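In this text, all values refer to a predicted model and were calculated from it rather than measured experimentally.
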Amino acid sequence: MSIAIDFMLTAQCNLRCPFCYGPDPGMQGELSLRLKKYLIGELGNRNVSHIIFAGGEPLLSTHATEIIPWSKSLGIRVGLQTNAFFFERLRAVLPSLDWIALPIDGVSPGTQRILRTSTTQLEKTKAAVELLRTSRDVTAKLKIGTVVTPQNVHELSQIAEEVELMQPDIWKWYQVRPRGAGLSNFGVLSLSKEDIERAHLAVKSNHPKLRIFVSLVEQSINAYLIVNPDSEALVPQFDSYVSLGYLIKQGISPGEFDDSVWNRFLSQRNAVAQLANIVNSFPGWLEEGERA
């Protein structure tokens, strides 16, 4: 079975989204470019066939424009989850991408300010989609992501109109994860499964051609293999992460790949849940033979 991981290229981010469940922006120990390349090469040797680069904001990393094409050159299929604020770096890596994931969490400036801490997120996403559609020799598929909260549920019909114009391959709705900043703000951002499903039915009735995947917290438990910028291996639980250790050895033999951590990583994941998440989040990315 092919293995997909989320690789957090950096913990740094230019935004401070209140629902963020990425690494602490203040974390220390981010790997050097050399060690990131070494780590990705070792992961490729262990059947990692798909990497989604995320963060933080991955394009904030100066390593992004080298790491992403380099990973593609190894035969690894590459996705990128970005807020699209770093347009020239996005332009540079776009030819190497199989998938690009972009956010829309509101259409009004007020909602964007609350959920993305920027009033320009929608315009940044629109510009990135335009770049995708007009660039020659670019075949990346498009995923639009929306974190559904009490603050934007009333705007979902308007968001749907924007999304429909972009013609994404998938529109993924996220229930807020009670992890990281999302845990601190869970009380004000959380929307029940029932409320999200009602909103989903309403939007689908008016936009039947949109392909929507609703991702609930329960579906994420043990369903992701996450590598932090310092090589820490994480698997999500309901309101936290299980840390399996560091894939790059610390201390006695620094700089070597730690297979004991990798094996714990694989044993912790729910392979069925991970497969379902990849198939639904990136439809068509896994070929039939890779699903066994």
CD1 of Ile3 to CD1 of Ile76, rounded to nearest 0.5 Å, is 11.5 Å
Pro168 backbone acceptor or donor facing Lys141 side chain under 3.5 Å
no
Grab the two heavy atoms, one from Gln28 and one from Gly26, that are nearest each other, plus how far apart they are.
NE2-O, 3.0 Å
Enter the distance from Ile104:CD1 to Arg116:CZ here, rounded to the nearest 0.5 Å.
10.5 Å
Rest of the hydrophobic cluster containing Ile221 (Ile/Leu/Val/Met/Phe/Trp/Tyr, side-chain heavy atoms under 4.5 Å)?
Val217, Phe238
Got a sec, which residues hit side chain to side chain contact (heavy atoms under 4.5 Å, CB included) with Lys249, two or more places apart in sequence or on another chain?
Ser253, Glu256, Asp258
Check whether any side-chain N or O of Thr82 sits under 3.5 Å from a backbone N or O of Ala84 as a donor-acceptor pair, and report yes or no.
yes
Pro23 and Gly56: which non-hydrogen atoms are nearest, and at how many Å?
CD-N, 3.9 Å
Side-chain donor or acceptor of Thr125 paired with backbone N/O of Leu122 under 3.5 Å
no
If the condition is salt bridge (Lys or Arg N to Asp or Glu O under 4.0 Å), which residues does Glu164 pass it with, not counting sequence neighbours?
none
For Leu201, the rest of its hydrophobic cluster, which grows through side-chain links under 4.5 angstrom
none
Say whether Tyr224 and Val279 are linked into one hydrophobic cluster, either directly or through other cluster members, by side-chain heavy-atom distances under 4.5 angstrom.
no
In Å and rounded to the nearest 0.5 Å, what is the CG to OG distance from Leu9 to Ser61?
4.0 Å
Chi angles and distances behind the side chain to side chain contact (heavy atoms under 4.5 Å, CB included) call for Leu225, Leu266
CA-CA 8 Å; Leu225 297 178; Leu266 293 180; 4.1 Å; yes
Using the side chain to side chain contact (heavy atoms under 4.5 Å, CB included) criterion, which residues pair with Ser118? Sequence neighbours excluded.
Leu15, Phe85, Thr120
Sequence-distant partners of Thr119, side-chain hydrogen bond (donor to acceptor under 3.5 Å, both in side chains), two or more places apart:
none
Would you list the pairs meeting side chain to side chain donor-acceptor pair (under 3.5 Å) in which at least one residue belongs to residues 10-27, sequence neighbours left out?
Thr10-Glu30, Asn14-Asn83
For the side chain to side chain donor-acceptor pair (under 3.5 Å) test, which of Arg269, Gln268, Gln274 pairs with Asn222?
Gln268
For Ser190 versus Pro150, what's the shortest heavy-atom pair and its separation?
O-CG, 3.6 Å
Report yes or no: does Glu88 contribute a side-chain atom to a donor-acceptor pair with the main-chain N or O of Phe86 at less than 3.5 Å?
no
Closest non-hydrogen atom pair, Ser96 against Val78
O-CB, 3.9 Å
If you draw the axis of the six-membered ring of Phe257, does the NZ or CZ of Arg46 fall within 45° of it and under 6.0 Å from the ring centre?
yes
Tell me, please, which residues at least two apart from Ala101 pass side chain to side chain contact (heavy atoms under 4.5 Å, CB included).
Gln81, Lys143
Main-chain N/O of Leu131 paired with Ser135 side-chain donor or acceptor, under 3.5 Å
yes
Give the intermediate values and the outcome of side chain to side chain contact (heavy atoms under 4.5 Å, CB included) for residues Ile278 and His50.
CA-CA 10 Å; Ile278 292 294; His50 297 68; 5.7 Å; no
Value rounded to 0.5 Å, distance of CG in Leu31 from NZ in Lys37:
14.0 Å
Which residues share a ring pair (Phe, Tyr, Trp, His ring centres under 6.0 Å) with His200, sequence neighbours left out:
Trp173
Donor-acceptor check, side chain of Asn152 to backbone of Asp105, threshold 3.5 angstrom: yes or no?
yes
Measure from the side-chain N and O atoms of Arg133 to the backbone N and O of Met166, and report whether any donor-acceptor pair falls under 3.5 Å.
yes
Is Gln121 reaching over with its side chain to a backbone N or O of Gln112, donor-acceptor style, under 3.5 angstrom?
no
Calculate, to the nearest 0.5 Å, the distance between atoms CZ and CG belonging to Phe282 and Asn277 respectively.
7.5 Å
Smallest separation among heavy atoms of Gly79 and Leu97, with atom names:
C-CD2, 4.4 Å
Heavy-atom side-chain contact between Ser71 and Phe7 under 4.5 Å
no
When every non-hydrogen atom of Trp285 is compared with those of Ile51, the smallest separation belongs to CH2-O, 4.1 Å
Who are the side chain to side chain contact (heavy atoms under 4.5 Å, CB included) partners of Arg211, not counting sequence neighbours?
Ile170, Pro283
Cut-off 3.5 Å, no hydrogens considered: what does the side-chain donor-acceptor table look like for residues 176-188, sequence neighbours left out?
| from | atom 1 | to | atom 2 | distance (Å) |
| --- | --- | --- | --- | --- |
| Arg177 | NH1 | Gln175 | O | 2.8 |
| Arg177 | NH1 | Ser215 | O | 3.0 |
| Arg177 | NH2 | Ser215 | OG | 2.6 |
| Arg179 | NE | Gln237 | O | 2.8 |
| Arg179 | NH2 | Ser220 | OG | 2.7 |
| Arg179 | NH2 | Gln237 | O | 2.8 |
| Asn185 | ND2 | Pro18 | O | 2.9 |
| Asn185 | ND2 | Ala181 | O | 3.1 |

Using modelled atom types and a 3.5 Å cut-off, is there a donor and acceptor pairing between side-chain atoms of Arg89 and backbone atoms of Leu60?
yes
Once rounded to the nearest 0.5 Å, what's the spacing between atom SG of Cys13 and atom CG of Leu59?
10.5 Å
According to salt bridge (Lys or Arg N to Asp or Glu O under 4.0 Å), who are the partners of Glu232, at least two apart in sequence or on a separate chain?
none
Do Leu102 and Tyr174 share a hydrophobic cluster (ILVMFWY, side-chain heavy atoms under 4.5 Å, transitive)?
no
Side chains of Gln167 and Leu142: does their closest heavy-atom pair fall under 4.5 Å?
no
If hydrophobic clusters are built from ILVMFWY residues whose side chains come within less than 4.5 Å, do Ile159 and Phe19 share one?
no
